[in-house]
Asker: 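What follows is a single structure, and I will ask about it in a moment.
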There are 2 protein chains.
Amino acid sequence: MGLNIKDIARMANVSPATVSRVINGTGNVNEENRQRVLKVLEETGYKPNALARGLLRNRTNVIGIIVPDLSNINFAEYVKGIENEAKKYDYNIILTTSGNSAENEISYFQLFKEKRLDGIIFSGTIFTKKHKREIDKTDIPVLVFGQNFGDNKLISMNIDNQSAAYEATKILLSKGAKKICMITGPLWDRAAGYDRYSGFLKALAEEGISPNSVPIEEGDFTINSGYKSMKNILKRYEVDAVLAANDYMALGAIRCLFDENKKIPEDVQVMGFDDIVISDIYNPSLSTVRIDFYNAGKLSARKLIKAIEGEKVEENIIIPYEIVLRGSTK
Amino acid sequence: MGLNIKDIARMANVSPATVSRVINGTGNVNEENRQRVLKVLEETGYKPNALARGLLRNRTNVIGIIVPDLSNINFAEYVKGIENEAKKYDYNIILTTSGNSAENEISYFQLFKEKRLDGIIFSGTIFTKKHKREIDKTDIPVLVFGQNFGDNKLISMNIDNQSAAYEATKILLSKGAKKICMITGPLWDRAAGYDRYSGFLKALAEEGISPNSVPIEEGDFTINSGYKSMKNILKRYEVDAVLAANDYMALGAIRCLFDENKKIPEDVQVMGFDDIVISDIYNPSLSTVRIDFYNAGKLSARKLIKAIEGEKVEENIIIPYEIVLRGSTK
DNA sequence: TTGTAGGCGTTATCAC
DNA sequence: GTGATAACGCCTACAA
């Protein structure tokens, strides 16, 4: 290590320019010289310094990612998708997690700018004016995931959470639910919290059900909060269907219903969100809304790289969802 | 954007050197000038180019990570731990996943070298001479996670999988198991596959049980493979205890036992590995071996950064485990 | 076909 | 206290 292009040049008895030409396959090089250089490269294991190269080309081939939390399997899958796809195009990723702190998010934007990354994928759960201002100051391509935010400067990719929750609710009602309730995520979480909640309300409105008569508890996406929320609801209401804003809460709710001697789905139907790996094997197996985060990640990487390389990219991309019916619904 | 330190200098009527001094807090600067510079920095949102800086200082403040797969919650937690801890020391991470391909792993080592990262955390499931040769060629500090590989050049961090499996087996036996069996991971996976398997055998040996009489199936860590392995075992044997090399396989096994009308833990005791979030709420709740990957990640980051900054670091660090007894054992 | 020289943006050194 | 200058390692005109 510590070798630079001049050292290689000296060893191969040529100039640094020639070495550079061999490495990059640019310009013509005498075959004999080329072979000598290649041999030295091989022997020394020399790798050009990406810093120097980036400085010159103004390109790093690195994409910055900001996600709230890697413990959430959805985000882990999303990141995996990005990474796998990016590597195909010879890009790497710098990963940061914000823990849902807007302050962290903003400071990462600045960091990414400093590091001269080629593009940024940002997935937050809230999106403020401050975020927007920061993004506007950046002239690197940015892809925002999971936030509807009309802005022609950035690419946005969204899950239609509202429609998904709407449809899930409709299905429960169509299967005979008369006393439905919901366990939501935190409502400040625009996507998985608020939008799923509002889709639920929309479906009720269409059926002429007043939201005031419907029990709604706000959980925090953990199994425990699902359990507690269900318990709170059962204290004061009789219900025959539950929509939970994610599978963990749905599983917590099922556990609670079980403890209260309710039969699923005969007495109470349950529907979750996410289709985590356990949902299929759980007893009863869980009906849920499946969103393919891995593919969303791949798509995000592809779109962003397209934008980095100067191609036109549509501004708002919608990720499909799919409703999976299993044993916890009739 | 596109501003450089010279632009700032011009705007503030000072030299680039002075701007640099203000930014880095190095050397003395006249208060009046400092204020003028700060104002320009504020107004322009200028950030120094980390590439140029890195070129000069030979430092990037970035750590490279290689893990097999982010879908595995253990690795996701591990990475999260690294990232959170690294950020405290002002380091960022470049994350790559190898999909267990040794070829990928090696090429990432080279990439990291090219990018002049300050350190590398490598977690693979196999560790070959080729890996070792590559690491030896690198003079960046490397931390290898999950592989016992005596080498004074690198820091290694390990889970004592063998002892953990040994102890788990002993517990099952002490609780009256007479006809025990195991569902292992792939045995080429040194850590979670082979080592857990060998710990199991060691415990049997100590009790004078011949391994030939004991059913052993090799799964692939998925729920399905746990189910199938259990089914295969039950076809030919009667068992009263199962050790599975991870919780997913344990849950698959439980599901199978349930389908075969076996009572848990009365007829068959089950013990897993990992303590995934669902294990506690499953019915029956799952006894398991818990390893704190998040903290292992934090510790890895801390040790590696220490090494990067020139401090001496112990060479082999052992991560503790803990056996959690729940409803699936007597 | 090949080599020399200048510059990418920053910081450290050395005069002033 | 401040500014010019060289250097980090590479690539690319341009000249030979």
Side-chain angles (χ1 to χ4, degrees), chain A residues 1-38 40-41 44-62 110-118 139-140, chain B residues 1-38 40-41 44-62 110-118 139-140:
Chain A
M1 181 107 159
L3 286 179
N4 62 28
I5 201 168
K6 278 189 201 160
D7 298 322
I8 305 300
R10 205 176 313 117
M11 292 176 179
N13 259 318
V14 291
S15 75
T18 301
V19 176
S20 171
R21 283 189 272 257
V22 171
I23 291 175
N24 299 292
T26 132
N28 294 329
V29 178
N30 173 297
E31 189 52 30
E32 200 182 321
N33 284 339
R34 146 172 279 111
Q35 289 307 331
R36 256 211 327 286
V37 171
L38 284 175
V40 176
L41 289 179
T44 56
Y46 165 82
K47 292 284 169 196
N49 183 325
L51 259 37
R53 210 178 223 177
L55 187 56
L56 212 54
R57 301 204 224 201
N58 213 18
R59 264 304 202 76
T60 52
N61 273 43
V62 177
Q110 292 170 351
L111 174 81
F112 288 169
K113 213 166 127 188
E114 239 174 280
K115 294 219 183 273
R116 297 302 192 265
L117 304 193
D118 295 339
D139 67 351
I140 325 175
Chain B
M1 182 107 155
L3 285 179
N4 64 26
I5 201 169
K6 278 188 200 158
D7 297 323
I8 305 299
R10 205 176 312 119
M11 292 177 180
N13 259 317
V14 292
S15 75
T18 300
V19 176
S20 173
R21 282 190 273 256
V22 171
I23 292 175
N24 299 293
T26 133
N28 294 330
V29 178
N30 171 298
E31 189 51 29
E32 201 181 321
N33 284 339
R34 145 174 277 111
Q35 288 307 330
R36 254 207 333 283
V37 170
L38 285 174
V40 176
L41 289 178
T44 57
Y46 164 81
K47 292 286 168 195
N49 183 324
L51 260 35
R53 204 181 232 174
L55 186 56
L56 209 55
R57 300 204 222 195
N58 213 18
R59 264 305 203 74
T60 52
N61 272 43
V62 176
Q110 292 171 349
L111 174 80
F112 289 169
K113 214 166 126 187
E114 237 174 282
K115 294 219 183 274
R116 298 301 192 267
L117 304 194
D118 295 339
D139 67 351
I140 324 175

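Values in this document were obtained by computation on a predicted structure and should not be read as measured data. Just so we're on the same page: letters track the sequence lines, and every chain starts at 1.
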Asker: So which protein nitrogen or oxygen atoms get under 3.5 Å of nucleotides 3-5 of chain D's nitrogens or oxygens?
Answerer:
from: dG3(D); atom 1: OP2; to: S15(B); atom 2: N; distance (Å): 3.0
from: dG3(D); atom 1: OP2; to: S15(B); atom 2: OG; distance (Å): 3.2
from: dG3(D); atom 1: OP2; to: T18(B); atom 2: OG1; distance (Å): 2.8
from: dG3(D); atom 1: N7; to: R21(B); atom 2: NH2; distance (Å): 2.7
from: dG3(D); atom 1: O6; to: R21(B); atom 2: NH1; distance (Å): 3.3

Asker: What is the distance from CG of N24(B) to P of dT10(C), rounded to the nearest Å?
Answerer: 10 Å
Asker: Can you tell me how far C1' of dA7(D) sits from CD1 of I5(B), to the nearest Å?
Answerer: 15 Å
Asker: Are R53(B) and dT11(C) close enough that a side-chain N or O sits under 4.0 Å from OP1 or OP2?
Answerer: yes
Asker: Tell me: NZ of K47(B) to C1' of dG9(C), nearest whole Å?
Answerer: 16 Å
Asker: So, is Y46(A) near the phosphate of dG9(D), with a side-chain N or O under 4.0 Å from OP1 or OP2?
Answerer: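 Checking Y46(A) against dG9(D): no side-chain N or O falls below 4.0 Å of OP1 or OP2.
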Asker: Figure out the CG/P separation between N49(B) and dG9(C), and round it to whole Å.
Answerer: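 Value for this atom pair: 7 Å.
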Asker: Taking CG from L3(A) and P from dC10(D), how many angstroms apart are they, rounded to a whole number?
Answerer: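 Atom-to-atom, L3(A) to dC10(D), this comes out as 9 Å.
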Asker: For the residue pair R21(A) / N33(A), report whether a side-chain donor-acceptor contact shorter than 3.5 Å exists.
Answerer: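 No, no side-chain donor-acceptor contact under 3.5 Å.
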Asker: Do any side-chain nitrogens or oxygens of R57(A) fall under 4.0 Å of OP1 or OP2 in dC11(D)?
Answerer: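 Indeed, a polar side-chain atom of R57(A) lies that close.
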Asker: Can you name the closest pair of heavy atoms from N61(B) and R59(B) and give their distance?
Answerer: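 Reported closest heavy-atom pair: OD1-NH1, 3.5 Å.
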Asker: Hydrogens and angles aside, do Q110(A) and E114(A) bring a side-chain donor and acceptor to less than 3.5 Å of each other?
Answerer: no
Asker: Taking all heavy atoms of L51(B) and all of K115(A), pick out the closest pair and write down the distance.
Answerer: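 Nearest heavy atoms, L51(B) then K115(A): CD1-O, 3.8 Å.
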Asker: Figure out the CG/P separation between N4(B) and dG7(C), and round it to whole Å.
Answerer: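 So the two atoms are 14 Å apart, to the nearest Å.
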Asker: If you look at every strand shown and take non-hydrogen atoms under 4.0 Å, does N28(A) touch a base, only sugar-phosphate, or nothing?
Answerer: base
Asker: Can you name the one residue among V37(A), L3(A), V19(A), L41(A) that meets side-chain contact (heavy atoms from CB on, under 4.5 Å) with M11(A)?
Answerer: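 Option passing the side-chain contact (heavy atoms from CB on, under 4.5 Å) with M11(A): L3(A).
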Asker: Between G2(B) and D7(B), what is the shortest heavy-atom contact and its length?
Answerer: O-OD2, 4.0 Å
Asker: dA13(D) P sits how many Å from L56(A) CG, rounded?
Answerer: 10 Å
Asker: Expressed as a whole number of angstroms, how long is the span from I8(A):CD1 to dC10(D):P?
Answerer: 9 Å
Asker: Check this for me: E31(B), atom CD, are more than 12 non-hydrogen atoms of other residues, nucleotides or ligands nearer than 6.0 Å?
Answerer: yes
